[in-house]
Every structure is written in C-alpha cells, then in structure tokens.
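Everything on this sheet refers to the single structure shown next.
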Amino acid sequence: MRIVSLAGGIGGARFLRGLKAAAPGSDITVIGNTGDDITLFGLRVCPDLDTVMYTLGGGIDEGQGWGRAGESHVVKEELAAYGMEPQWFGLGDRDFATHIVRSQMLAAGYPLSQVTEALCDRWQPGVRLLPMSDDRTETHVVVSDENGRRAVHFQEWWVRLRASVPAEQISLVGADEATPAPGVLEAIEEADLVILPPSNPVVSIGTILQIPGIRPALEDKTVVGVSPIIGGAPVRGMADACLTAIGVETSAQAVLELYGSRLIDGWLVAEEDKGVALDGVTVEARPLLMDSPEATKEIAAAALSLAHTLRT
C-alpha cells in the first residue's frame with residue numbers, strides 16, 4: 001500500500017509513528033512543512049523535517065517532543081556569553097551537527113530534498129521524507145506591540161512570544177514562486193490514499209497546501225484527516241492562536257470547513273465532537289488523544305480503515 005501523509009512538527013511526527021505501526025510494510029511518503037525553517041548563526045534549521053526524522057529514527061527527546069535525546073547546550077551557552085542573538089531559540093549540541101551538515105550541503109549546491117535524503121540515511125526513519133519544496137519559503141507573522149506594527153518570523157512569534165501577541169496576519173513568504181520538491185507530486189499521484197495527521201491546520205498542513213500544485217493533486221485522491229481540535233481546544237500547541245489570526249473558530253467543524261470537501265473525503269473527530277458534519281465528507285467519532293503508542297496506532301488504524309472504505 002502506498003500512503004502519503006502531510007506533517008508538521010510534534011503531533012504529526014508522533015502520529016506518523018502510529019501510522020507506521022498500523023501499516024507495516026507500506027510505502028509511506030511524508031511531505032514535510034518547511035515554512036518553519038529559519039537561519040540561525042549562519043545555519044539553516046528545518047525544525048519540522050528534523051522532528052519527523054528524529055522521532056521516526058529513534059533520536060527524539062521524548063519528553064519535549066523536539067530536539068535530540070541526551071542533549072547538552074554548551075555551544076548555546078558559549079554563544080550567549082558572546083552576546084550572540086537570538087538567545088530565545090535553543091539549539092542543542094547534537095542538533096548543531098545536523099544543521100552544520102545541512103548548511104554545508106546547501107552551500108555546495110545540493111537542493112533541500114537531496115540534503116534531507118542524506119540526513120535520513122543516518123536515521124533510517126522508515127518513510128520517505130520530502131520537503132514540501134526545495135525553494136526557500138518562510139512563515140512570517142504580522143504583530144503590533146511596543147515596537148510598533150511589524151512582521152516577525154513565525155519562530156519568533158511561536159517560541160519567543162509564545163503566540164501571546166495576537167497575529168494580525170500569517171503569510172508564507174515565497175509561496176507564490178515555489179514549486180513542489182522533486183517526488184512530491186509523483187508520490188501523491190501514485191498514492192493509494194492520503195492521511196492528514198492532527199498537525200496545525202494553518203502553519204503546518206495549511207502551509208504545505210499553499211505550495212502551487214500540491215492541493216489540486218491531493219483533491220484527486222482519497223484523503224482522510226484527523227482533527228487537531230478536541231472539544232474546542234487544540235490537541236497540543238497553540239493552533240487556536242493561528243486559527244484566530246485567519247478568522248476561523250477553534251473547532252473540529254471549522255477546521256473541516258477550512259480544508260473543505262474538495263480536499264477531505266473522511267474526517268476523524270473526537271467523541272465530544274460527534275455532531276460535526278459537512279456535505280460530501282464522511283465523519284467518524286472516536287477517541288483521538290495520542291496519549292500512548294497504542295492509542296496513536298489505533299487512531300492511525302481508524303484513519304486507514306476509513307480511507308479504505310471510501311476507496312471502495
């Protein structure tokens with residue numbers, strides 16, 4: 001079975017681990033969000049790609065869900081001692097190695113897709129991990145604070161400000177000129193089904209859908225999504241702040257309507273959201289908390305089962 005999944009960070013990566021367990025032997029291609037990518041200390045950092053790679057490759061810090069297990073922060077402390085900014089984004093010593101390799105390969109002319117493949121050679125995540133695009137795109141957020149109205153990188157809004165300053169606008173800079181990375185459209189075309197994890201619908205899944213050509217390709221496939229909202233609250237993170245920024249209610253119903261029936265064929269919601277409905281979409285309610293590997297596997301299995309039903 002050939003499966004394509006779109007993924008952002010922690011929630012997406014953990015869901016993918018359950019998907020692998022629920023579909024052993026399947027050919028899984030993951031299209032990763034690169035809108036979170038940022039250059040720090042001269043190094044190109046791809047947080048979502050790395051979170052998927054580390055999680056599926058067994059190197060993630062399970063407690064926080066991002067970064068390397070057994071991490072230290074000597075380099076970060078030394079940079080701070082020199083007064084280097086930013087100090088709000090914590091790169092660990094082990095993590096620095098990944099960013100150094102990536103940055104050197106990019107500087108040598110290798111596209112991000114080839115760099116990601118090379119990094120995955122070490123981690124063996126058990127999926128084919130593709131960036132949504134080799135072109136540079138970055139999510140920026142317009143805010144108004146004591147420094148006036150300005151645009152900041154998504155990471156500054158998310159990590160430093162903790163989304164405490166309301167976002168007036170969220171934009172994927174460079175999206176109009178970007179093209180899907182090699183293999184992305186081909187993987188979608190060849191897929192038997194597509195699964196959307198409970199990743200952030202605005203700055204993870206929504207970002208990937210903004211790359212020209214990806215959404216139309218997905219609309220021709222059987223797509224089942226897992227709601228990232230349970231009972232009016234995000235499963236994790238601050239997706240509510242992102243939804244508010246684009247004028248969308250924080251609910252399983254509103255996220256389904258945001259994606260639309262042209263994209264979504266099946267939608268898994270939590271039991272407390274069982275009243276969700278949209279013409280043309282099959283909605284199923286079940287427990288959606290990924291509070292254990294077994295529970296996550298069951299959620300992924302339910303998504304696969306619904307997708308198989310909709311294909312026949």
Side-chain angles (χ1 to χ4, degrees), residues 7-10 12-13 30-61 64-125 129-141 151-162 171-175 177-178 181-182 200 203-204 207-208 211:
I10 299 171
V30 177
I31 302 170
N33 168 46
T34 58
D36 289 10
D37 294 5
I38 188 171
T39 298
L40 298 168
F41 312 114
L43 302 176
R44 194 63 177 165
V45 180
C46 300
D48 283 3
L49 293 178
D50 290 346
T51 295
V52 170
M53 181 176 71
Y54 293 154
T55 299
L56 300 185
I60 199 73
D61 183 320
Q64 62 188 12
W66 53 270
R68 292 283 304 281
E71 191 60 280
S72 57
H73 294 86
V74 176
V75 174
K76 178 180 182 294
E77 293 164 2
E78 288 296 308
L79 288 168
Y82 281 112
M84 292 292 290
E85 297 288 346
Q87 296 182 21
W88 47 263
F89 198 100
L91 296 177
D93 298 328
R94 296 174 184 271
D95 205 23
F96 262 109
T98 297
H99 310 316
I100 290 170
V101 172
R102 177 186 293 114
S103 301
Q104 287 187 339
M105 291 188 70
L106 289 172
Y110 291 95
L112 182 59
S113 53
Q114 290 185 20
V115 175
T116 303
E117 182 179 8
L119 293 172
C120 286
D121 280 344
R122 173 189 176 185
W123 290 101
Q124 295 295 307
L129 179 59
L130 299 174
M132 64 189 193
S133 178
D134 280 339
D135 300 310
R136 181 166 173 167
T137 59
E138 291 186 359
T139 302
H140 288 196
V141 180
V152 299
H153 193 285
F154 170 77
Q155 294 292 353
E156 181 174 355
W157 182 66
W158 196 253
V159 178
R160 186 177 77 83
L161 299 175
R162 299 295 298 169
S171 301
L172 182 62
V173 178
E177 296 79 30
N200 192 305
V203 295
S204 292
T207 304
I208 299 169
I211 300 301

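Only this structure's heavy atoms are used, side chains among them; waters, hydrogens and symmetry mates stay out. These figures come from a predicted structure and were not determined experimentally.
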Distance in Å, [X] [atom1] paired with [Y] [atom2], rounded so as to fall on 0.5 Å steps:
X    : Y    : atom1 : atom2 : answer
W157 : R162 : CH2   : CZ    : 11.0 Å
I31  : L129 : CD1   : CG    : 10.0 Å
F41  : I100 : CZ    : CD1   : 12.0 Å

Show me the donor-acceptor pairs, under 3.5 Å and distance only, between side chains in residues 103-121 and residues at least two apart or in other chains.
{"unit_1": "S103", "atom_1": "OG", "unit_2": "R44", "atom_2": "N", "d": "2.7"}
{"unit_1": "S103", "atom_1": "OG", "unit_2": "H99", "atom_2": "O", "d": "2.7"}
{"unit_1": "S113", "atom_1": "OG", "unit_2": "D134", "atom_2": "OD1", "d": "3.1"}
{"unit_1": "S113", "atom_1": "OG", "unit_2": "D134", "atom_2": "OD2", "d": "2.9"}
{"unit_1": "T116", "atom_1": "OG1", "unit_2": "L112", "atom_2": "O", "d": "2.8"}

* To do: Please report the C-alpha distance between E177 and D135 in whole Å, then the side-chain angles of each, then the deciding distance to 0.1 Å, and finally whether the side chain to side chain contact (heavy atoms under 4.5 Å, CB included) criterion is met.
  => CA-CA 8 Å; E177 296 79 30; D135 300 310; over 6 Å; no

Nearest atoms (heavy-atom pairs only) where [X] meets [Y]:
X    : Y   : value
I10  : G65 : CG1-O, 3.3 Å
D61  : Q64 : OD1-N, 3.3 Å
R160 : W88 : CD-CD1, 3.2 Å
V52  : A7  : CG2-CB, 4.4 Å
E138 : I38 : OE2-CA, 4.3 Å

So do the side chains of [X] and [Y] get within less than 4.5 Å of each other, counting heavy atoms only?
X    : Y    : answer
T207 : T139 : yes
T98  : M53  : yes
E156 : P86  : no

* Asked: What residues form a side-chain hydrogen bond (donor to acceptor under 3.5 Å, both in side chains) with N33, not counting sequence neighbours?
  ->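 Once residues adjacent in sequence are excluded, the partners of N33 under the side-chain hydrogen bond (donor to acceptor under 3.5 Å, both in side chains) criterion are D36, D48.
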
* To do: For W66, check ring pair (Phe, Tyr, Trp, His ring centres under 6.0 Å) against everything at least two apart and list the hits.
  =>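 Result, ring pair (Phe, Tyr, Trp, His ring centres under 6.0 Å) vs W66: none returned.
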
* Quick one: list whatever passes ring pair (Phe, Tyr, Trp, His ring centres under 6.0 Å) with H140, sequence neighbours left out. =>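 Expected list: H153.
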
* By side chain to side chain contact (heavy atoms under 4.5 Å, CB included), which residues pair with I211, not counting sequence neighbours? ->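 With neighbours one apart ignored, the set is M132, S133, T137, L172, A178, P180, I214.
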
* To do: Applying side chain to side chain contact (heavy atoms under 4.5 Å, CB included) between P47 and each of D50, V45, L49, report the one that passes.
  =>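 Going through the options one by one, the only one that passes is V45.
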
* Can Y54 and D95 be counted as having a side-chain donor-acceptor contact under 3.5 angstrom? ->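 Side-chain D/A pair, Y54 to D95: present.
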
* To do: With sequence neighbours excluded, give me every side-chain hydrogen bond (donor to acceptor under 3.5 Å, both in side chains) pair touching residues 69-86.
  =>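 Of all non-adjacent pairs touching residues 69-86, those that pass side-chain hydrogen bond (donor to acceptor under 3.5 Å, both in side chains) are S72-D93.
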
